Amino acid sequence: MASKNQTTVTEFVFTGFPHLQEGGLLFFILLILIYLFIIIGNSMVYFAIRLDSRLHTPMYFFISVLSFLEIWYTTTTIPKMLSNLVSKQKTISLAGCLLQMYFFHALGITEVCLLTTMAMDRYLAICNPLRYPTIMTPQVYTQLTLGCCFCGFFTPLPEIAWISTLPFCGPNQIQNIFCDFDPILNLACMDTSTIVLIQVVDIVHAVEIITAVMLVALAYVRIIAVVLSIRSADGRRKAFSTCASHLAIFLIFFGSVALMYLRFSAKYSFFWDTAISLMFAVLSPFFNPIIYSLRNKEIKEAIKKHMCQSAIFTHHIK
């Protein structure tokens with residue numbers, strides 16, 4: 001516990017952001033353009049799917065939920081990053097840091113569960129096409145989505161609640177670009193390396209990631225075997241195209257997450273920590289609308305259709 005003569009830390013300082021005169025403005029412009037693209041791109045995918053009745057299927061429902069999650073997932077970190085790039089005081093309150101950690105991990109875990117669910121959906125659609133409509137009903141895929149949200153928002157809650165009870169008395173400099181578990185635990189005024197709860201939580205996170213990767217890998221091994229058995233080249237191409245976008249997003253997201261949270265005792269330099277953090281906090285949501293809109297003919301057509309309708313409506317109003 002902190003002694004009486006120690007000062008309680010009420011805010012943390014991010015040390016990884018350059019000042020304006022050191023290139024901070026350039027990074028700010030680049031990051032805000034990426035953020036705007038993430039918001040606009042994922043919103044277009046989301047509303048195109050929700051407004052087009054032809055896309056009211058389980059696969060597109062999950063894609064719309066993923067796009068919705070990506071918007072809020074990036075909003076938990078990027079606005080604060082932008083603020084830190086242009087402000088002299090690159091600080092965040094203890095409460096703000098805890099909230100950022102909670103929502104970042106809650107939404108991230110929800111995405112992990114959703115991407116795994118999407119792989120199971122593709123497995124059922126391709127490997128059991130006759131039973132698929134009776135299995136994946138609107139009620140079922142809505143319940144699966146709610147289950148992903150429950151798992152995501154409940155899992156990090158005990159750890160965040162416990163971290164909020166730790167004493168912080170200095171130093172208060174966070175060696176990262178946003179609040180995360182390890183950088184914050186390193187600032188606690190006690191040795192947290194031997195605490196059983198942290199070890200248990202680390203194991204739970206590792207099991208979550210490894211289980212998800214194994215389930216998706218097994219699903220795609222079976223999917224590939226079934227697709228290769230299709231006689232027509234057009235049929236194989238169509239089956240692969242429905243899975244390629246999901247697999248690309250999965251590899252980008254899980255690859256960076258595994259590098260960050262399955263390293264165990266391995267230590268990276270600040271540069272690589274920052275690069276990996278940006279990969280799963282920024283690049284995965286950035287590529288999501290690109291991959292789904294460019295590779296999916298139905299989504300492209302739906303976006304064009306509703307953009308044209310919006311333009312016509314705006315013209316009539318004028």
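A quick note: this is a predicted structure, and the numbers were derived from the prediction, not measured. Here, residue 1 is the first one in the sequence, and each next residue gets the next number.
Residue Phe103 qualifies as open at atom CZ: its count of foreign heavy atoms under 6.0 Å is 12 or below. Within a 6.0 Å radius of CZ in Phe154, other residues, nucleotides and ligands contribute 12 heavy atoms or fewer.
Pairs passing the disulfide bond (SG atoms under 2.5 Å apart) check and including a residue from residues 43-132, sequence neighbours excluded, read Cys97-Cys179.
Remark: the Thr117 side chain and the Tyr141 side chain contain no N/O donor-acceptor pair separated by less than 3.5 Å.
For Tyr60, the side-chain hydrogen bond (donor to acceptor under 3.5 Å, both in side chains) test picks out Asn296, Glu298, with sequence neighbours left out.
Note: Phe153 and Tyr102 have perpendicular aromatic rings, judged against thresholds of 30 and 60 degrees for the angle between ring planes.
Listed for the Ser284 side chain is no donor-acceptor partner under 3.5 Å among the backbone atoms of Ile252.
Taking the six-membered ring wherever Trp is involved, the centroid distance between the rings of Phe168 and Phe12 falls below 6.0 Å.
Atom CG of Asp52 is separated from atom CD1 of Ile299 by 10.0 Å, given to the nearest 0.5 angstrom. A distance of 12.5 Å separates CZ in Phe68 from CG in Leu114, rounded to the nearest 0.5 Å.
Across every non-hydrogen atom of Met59 and Tyr132, the tightest pair is N-OH, 4.3 Å. The two residues Ile291 and Ala248 have their closest heavy-atom pair at CD1-CB, 3.9 Å.
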